[in-house]
**Student:** 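To start, I am sharing the structure in question, which I have written as structure tokens.
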Amino acid sequence: MKVLIDGSVELEAPTGMTVLQLLLERFPVKAGSAVAARINGRLVDLTALPEEGELEIVVWGDEGADEVYRHTAAHVMAQAVLELYPGTKLAIGPAISDGFYYDFDIAESLSPDDLPRIEERMAEITRRDEPVVRETWEREEAILFFRDEGQGYKVEMLEEMDEDRVTIYRQGDFVDLCRGPHLASTGRLRHFRLLSLAGAYWRGDEHRPMLQRIYGTAFDDASELDRYLEFLEEAERRDHRRLGKELDLFSFHEEAGPGVVFYHPKGAVLRGIIEDFLKSEHTKRGYEMVITPHLFRGQLWHTSGHMDYYKDNMYFFEKDGMEYVVKPMNCPGHLLIYKTRPRSYRDLPLKYFELGTVYRYERSGVLHGLLRVRGFTQDDAHIFCTEEQLEEQVGECLEFAFYSLRAFGFEDFEVYLSTRPEDSVGSDELWEKATMVLGRSLEDLGIPYSVDPGEGVFYGPKIDIKLKDAIGRSWQGPTVQADFNLPQRFDLTYAGADNKPHRPVMIHRVVLAGIERFYGVLIEHYAGEFPLWLAPVQAAIIPVADRHLDYAHEVEGTLRTSGVRAEVDEDRQTVNMKIRRAQLQKIPFSLVVGDREVENRTVSVRDRNGKDTRGVPLAEFLSRVLERVEERSIAGGWED
RNA sequence: GCCGGUGUAGCUCAAUGGUAGAGCACCCGCCUUGUAAGCGGACGGUUGGAGGUUCGAUUCCUCUCACCGGCUCCA
């Protein structure tokens with residue numbers, strides 16, 4: 001049998017010899033690093049038998065290798081848990097993007113202190129270096145086996161499978177139903193770490209039993225594991241909740257209830273900058289700003305359909321025997337404004353923009369700092385247009401969104417087109433049409449995207465843009481949604497050129513989306529070191545001694561008059577201390593003023609990187625700052 | 001909402017079935033300071049809240065609130 005290995009070496013493989021044996025015999029060096037193999041394009045175990053054709057050796061770093069590796073790590077962990085907690089029932093244990101997890105049904109509940117113990121047992125299992133064996137069983141046989149073992153979840157999975165034959169992986173006494181492939185032996189698993197413990201419902205269904213999930217990660221390369229653990233630390237260092245406290249930006253209060261944000265003075269400055277940006281950019285693009293109330297009668301939400309599809313997320317109350325709703329969305333308000341007078345095709349597209357604050361009930365367990373709150377403000381707009389204008393308008397929204405995200409320093413995006421969810425309104429025909437238009441707008445702009453089936457909103461399909469931050473994490477960002485439904489429900493019309501009534505279509509779109517969430521992402525993206533134009537305080541003025549206070553205030557006045565956010569640190573403290581405080585507050589520039597500066601009308605500029613430049617004329621400092629703010633520069637150093 | 005964890009001074013964190021402690025911050029003094037912590041002093045707590053067990057609870061138990069890690073959902 002002729003086998004072409006890695007596209008270069010052709011050799012005659014003896015029958016009955018596994019890929020691993022072949023490697024050991026012919027390429028012993030490779031055998032040690034091999035994770036799996038690909039036979040004619042199919043990912044298989046190293047214990048598979050080669051076939052005539054191409055054989056590729058998959059090593060760590062190759063596509064698919066991490067998945068195989070971590071899947072085996074999950075099995076080793078499951079084996080360890082079974083050994084330590086006999087009677088544990090296994091659910092599922094897949095590899096995920098940065099690691100793996102396994103869900104267990106264990107009689108006793110695990111605590112984080114148990115993880116090291118499990119990790120140790122895993123290490124022991126890897127030392128045993130038990131071969132991982134793939135077997136093919138009759139499904140019925142597997143059902144009997146797992147039933148006998150008391151592994152009900154496995155039985156349930158088996159019973160739902162269509163195949164007659166299933167694959168089983170075995171290492172030592174540990175047997176698991178699994179598609180594979182896996183590492184050839186437990187000893188091949190080298191660097192791993194158990195990370196956290198969590199509850200997870202069997203099959204993600206809250207009506208099913210709650211299982212205990214252990215998350216972990218594994219790498220073949222020790223330095224990669226280290227790097228990943230450093231990444232986790234870095235993420236913690238950037239945590240907006242922590243930075244929000246340290247930088248005095250915002251707070252939450254038990255007395256006020258969870259999920260509602262209090263912006264402190266510095267936090268409000270940053271929020272104001274974001275809002276100013278949005279207002280001016282919307283105005284530039286022909287949007288008209290509107291303001292709508294926070295409370296609407298319940299009836300309106302029946303008309304809009306929210307009462308049917310969004311009720312669980314809405315806050316209600318009753319007064320004078322009348323039902324009221326705290327608005328969870330801004331659209332109905334904008335529709336009411338549209339309807340205040342007859343509209344003509346000449347009015348379209350009509351673009352209403354609102355910094356609309358909405359309240360949505362979120363289950364207590366999902367709240368998360370600014371990223372998931374109950375009260376938030378959206379940069380929300382609704383575009384009423386003709387069907388013909390739809391595609392162009394969607395395109396403009398997308399361009400607007402990308403422009404804005406780039407202005408705030410985000411460069412990498414992922415785009416998703418979400419289609420009709422199960423619970424939704426409108427005809428299939430409308431959905432199909434809207435979905436098509438969205439897809440075409442993306443294609444026209446040459447934006448690559450993937451389809452997210454069933455993830456649309458109840459009234460229409462949508463485009464979601466996810467942004468990647470400085471350390472590569474992605475976050476939910478702008479969305480553009482087509483809506484053929486609400487105009488119908490509210491009976492919106494416009495007079496066409498033919499002088500007949502027509503139905504407009506509507507686009508819901510946000511640019512930065514929820515301001516709170518965007519704000520949180522912004523903090524994490526910059527780790528609190530905001531670019532000059534966003535920094536709540538741009539310059540800390542540090543007098544060397546009391547006699548420099550007058551000049552310090554003069555500098556402050558000059559800067560403030562020109563719109564630079566400057567503050568004098570008047571504390572009778574050492575220069576070192578005042579510098580330290582400014583650094584910890586991540587203020588872009590510290591201006592030290594002493595005798596020399598007073599005499600020469602200069603400032604000594606220290607940037608956030610710790611570099612100082614002395615004798616900078618005040619006027620020069622001011623003009624350079626204004627210039628950078630104007631161009632929204634992300635340069636951090638004074639010399640940059 | 002559910003599973004697990006956590007809750008002690010403004011912040012970060014100790015301690016313990018027997019009087020609750022440190023560092024930093026705040027306040028007051030001294031120092032008048034040149035690029036990341038000058039020195040001293042004073043103040044500061046119903047140990048998240050309510051109930052229970054106990055001679056005695058911050059510690060053990062129950063309930064509750066909030067937060068953290070997830071499940072699910074979403075801007």
Side-chain angles (χ1 to χ4, degrees), chain A residues 101 103 105-106 109-114 195-215 236 239 241-242 245-246 248 251-259 310 312-313 328-329 356 358 360-374 376-380 455 457 462 464-465 475-479 481 508-518 520-521 540 542-549 571-585 590-597 604-608 610-614:
Chain A
Y101 68 80
D103 286 345
D105 189 340
I106 311 178
S109 57
L110 296 175
S111 95
D113 304 333
D114 297 320
L195 297 170
S196 62
L197 209 51
Y201 297 106
W202 168 232
R203 302 206 150 161
D205 181 346
E206 65 187 58
H207 303 297
R208 307 269 206 135
M210 175 65 74
L211 306 169
Q212 302 191 61
R213 174 174 298 180
I214 303 177
Y215 283 97
E236 206 167 313
D239 192 316
R241 293 166 298 189
R242 169 201 167 118
K245 201 182 277 183
E246 284 174 9
D248 198 15
S251 57
F252 292 90
H253 298 272
E254 190 171 337
E255 304 90 307
Y310 209 70
D312 290 347
N313 291 289
M329 291 190 189
V358 296
R360 300 181 183 175
Y361 171 77
E362 300 281 1
R363 295 158 122 198
S364 58
V366 306
L367 299 173
H368 182 92
L370 293 179
L371 301 179
R372 194 64 185 276
V373 291
R374 284 180 174 160
F376 61 102
T377 301
Q378 293 176 296
D379 56 346
D380 205 1
E455 288 298 310
V457 201
K462 63 173 180 174
D464 282 318
I465 300 174
W475 304 91
Q476 177 64 51
T479 117
Q481 308 169 351
H508 306 245
R509 45 101 288 181
V510 287
V511 169
L512 303 181
I515 308 286
E516 279 70 13
R517 174 178 288 181
F518 184 75
V521 172
I542 298 172
V544 172
D546 284 353
R547 64 179 180 281
H548 310 119
L549 267 173
D571 207 0
R572 292 166 59 97
Q573 259 296 356
T574 56
V575 171
N576 270 345
M577 191 56 182
K578 288 184 277 197
I579 290 278
R580 175 178 154 80
R581 282 203 292 239
Q583 289 279 161
L584 289 174
Q585 285 297 300
S590 296
L591 306 181
V592 176
V593 293
D595 291 336
R596 284 193 293 277
E597 287 74 21
S604 172
V605 181
R606 177 188 164 109
D607 64 33
R608 228 163 15 195
K611 187 163 186 320
D612 70 306
T613 309
R614 312 216 172 180

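Letters A, B, ... mirror the listed sequences (proteins, then strands); counts begin at 1.
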**Student:** Side chain of Val366(A), heavy atoms from C-beta onward: which of rA75(B), rG1(B), rG4(B) has the nearest atom to it?
**Tutor:** rG1(B)

**Student:** Classify the side chain of Glu254(A) and the base of rG49(B) as holding, or not holding, a donor-acceptor pair under 3.5 Å.
**Tutor:** no

**Student:** Consider the side chain of His368(A), meaning its heavy atoms from C-beta on, and name the nucleotide among rA36(B), rG69(B), rU33(B) that approaches it most closely.
**Tutor:** rG69(B)

**Student:** Determine which nucleotide pairs with rU62(B), using a 3.5 Å limit on both distances of a Watson-Crick or G-U wobble pair.
**Tutor:** rA50(B)

**Student:** Using a heavy-atom cut-off of under 4.0 Å over every strand shown, decide if Val373(A) touches base, sugar-phosphate, or nothing.
**Tutor:** base

**Student:** For Phe252(A) and rC67(B), what is the distance between atoms CZ and P respectively, to the nearest whole Å?
**Tutor:** 8 Å

**Student:** Is there a donor on the side chain of Tyr201(A) or the base of rG1(B) sitting less than 3.5 Å from an acceptor on the other?
**Tutor:** yes

**Student:** At under 4.0 Å between heavy atoms, what does Glu362(A) touch on the DNA or RNA strands: base, sugar-phosphate, or nothing?
**Tutor:** base

**Student:** If you measure from the C1' atom in rC73(B) to the same atom in rG17(B), how many Å do you get, rounded?
**Tutor:** 44 Å

**Student:** Asn576(A) side chain: which of rA75(B), rA36(B), rC3(B) is closest?
**Tutor:** rA36(B)

**Student:** If only atom types and distance count, is the side chain of Arg213(A) paired as donor or acceptor with the main-chain N or O of Ala198(A) below 3.5 Å?
**Tutor:** no

**Student:** If you find the nucleotide of RNA chain B closest to Leu197(A) and the one closest to Ile579(A), which residue's nucleotide is nearer the 5' end?
**Tutor:** Ile579(A)

**Student:** Are rG70(B) and Tyr215(A) stacked, with the base six-membered ring and the side-chain ring centres under 5.5 Å apart and planes under 30°?
**Tutor:** no

**Student:** From the options rU72(B), rU12(B), rA75(B), select the nucleotide whose nearest atom is closest to the side chain of Lys462(A).
**Tutor:** rA75(B)

**Student:** Tell which nucleotide pairs with rC71(B), taking only Watson-Crick or G-U wobble pairs whose two distances are both under 3.5 angstrom.
**Tutor:** rG1(B)

**Student:** Would you call Asp205(A)-Arg203(A) a salt bridge at under 4.0 Å N-O?
**Tutor:** no

**Student:** What nucleic acid atoms does Arg213(A) come within less than 4.0 Å of, heavy atoms only: base, sugar-phosphate, or nothing?
**Tutor:** sugar-phosphate

**Student:** For Gln476(A), report the nucleic acid contact type (base, sugar-phosphate, nothing); a contact means any heavy atom under 4.0 Å.
**Tutor:** sugar-phosphate

**Student:** Among the candidates rA75(B), rC26(B), rG34(B), find the nucleotide nearest to the side-chain atoms of Gln481(A).
**Tutor:** rA75(B)

**Student:** Can you identify which nucleotide, out of rC26(B), rA75(B), rC67(B), has its nearest atom closest to the Pro258(A) side chain?
**Tutor:** rC67(B)

**Student:** When we call it a touch if two heavy atoms are under 4.0 Å apart, what does Asp612(A) touch: a base, just sugar-phosphate, or nothing?
**Tutor:** base

**Student:** Mind checking the C1' distance from rU72(B) to rC60(B)? Whole angstroms is fine.
**Tutor:** 35 Å

**Student:** NA contact type, Thr479(A), heavy-atom cut-off 4.0 Å: base, sugar-phosphate, or nothing?
**Tutor:** sugar-phosphate

**Student:** Heavy atoms from C-beta onward define the side chain here; which of rA37(B), rU12(B), rC26(B) lies closest to that of Asp571(A)?
**Tutor:** rC26(B)

**Student:** For Tyr361(A), answer base if it contacts any base atom (sugar-phosphate contacts may also be present), sugar-phosphate if it contacts only those atoms, and nothing otherwise; contact means non-hydrogen atoms under 4.0 Å.
**Tutor:** sugar-phosphate

**Student:** Any idea which of rA75(B), rG5(B), rC26(B) is nearest the Pro112(A) side chain?
**Tutor:** rG5(B)

**Student:** Over all strands shown, is Ala513(A) touching base, sugar-phosphate only, or nothing at heavy-atom distances under 4.0 angstrom?
**Tutor:** sugar-phosphate

**Student:** Considering only heavy atoms and no angle criterion, is a donor-acceptor pair shorter than 3.5 Å present between the side chain of Arg203(A) and the base of rC71(B)?
**Tutor:** no

**Student:** For a quick check of understanding: with a heavy-atom distance under 4.0 Å over all strands, which category does Gly477(A) fall into, base, sugar-phosphate or nothing?
**Tutor:** sugar-phosphate

**Student:** Any idea which of rG1(B), rG70(B), rA75(B) is nearest the Met210(A) side chain?
**Tutor:** rG70(B)

**Student:** Of all the heavy-atom pairs spanning Leu367(A) and Gly259(A), show the shortest one and how long it is.
**Tutor:** CD1-N, 4.1 Å

**Student:** Please classify the nucleic acid contact of Glu255(A) as base, sugar-phosphate, or nothing, using heavy-atom distances under 4.0 Å.
**Tutor:** nothing

**Student:** Quick one: label Arg596(A) by what it contacts on the DNA or RNA (base, sugar-phosphate, nothing), any heavy atom closer than 4.0 Å.
**Tutor:** base

**Student:** Determine the contact category for Thr574(A): base if any of its heavy atoms lies under 4.0 Å from a base atom, sugar-phosphate if only primed atoms, P, OP1 or OP2 are that close, otherwise nothing.
**Tutor:** base

**Student:** Checking all strands, does Gly594(A) fall into the base, sugar-phosphate, or nothing category for heavy-atom contacts under 4.0 angstrom?
**Tutor:** base

**Student:** Quick check: any donor-acceptor pair below 3.5 Å linking the side-chain of Arg606(A) to the base of rA36(B)?
**Tutor:** yes

**Student:** If you assign each of Arg363(A) and Val575(A) to its closest nucleotide in RNA chain B, which residue comes earlier from the 5' end?
**Tutor:** Arg363(A)

**Student:** Between Arg208(A) and Tyr201(A), is there a donor-acceptor pair closer than 3.5 Å when you use the side chain of the first and the backbone of the second?
**Tutor:** no

**Student:** For rC27(B), which nucleotide in any strand shown is its Watson-Crick or wobble partner with both distances under 3.5 Å?
**Tutor:** rG41(B)

**Student:** Of the non-hydrogen atoms in Pro258(A) and Arg374(A), which two are nearest, and what is the gap between them?
**Tutor:** CG-NH1, 3.5 Å

**Student:** For a quick check of understanding: with a heavy-atom distance under 4.0 Å over all strands, which category does Asp205(A) fall into, base, sugar-phosphate or nothing?
**Tutor:** nothing

**Student:** Which nucleotide sits closest to the side chain of Ser364(A): rG1(B), rU33(B), rC26(B)?
**Tutor:** rG1(B)

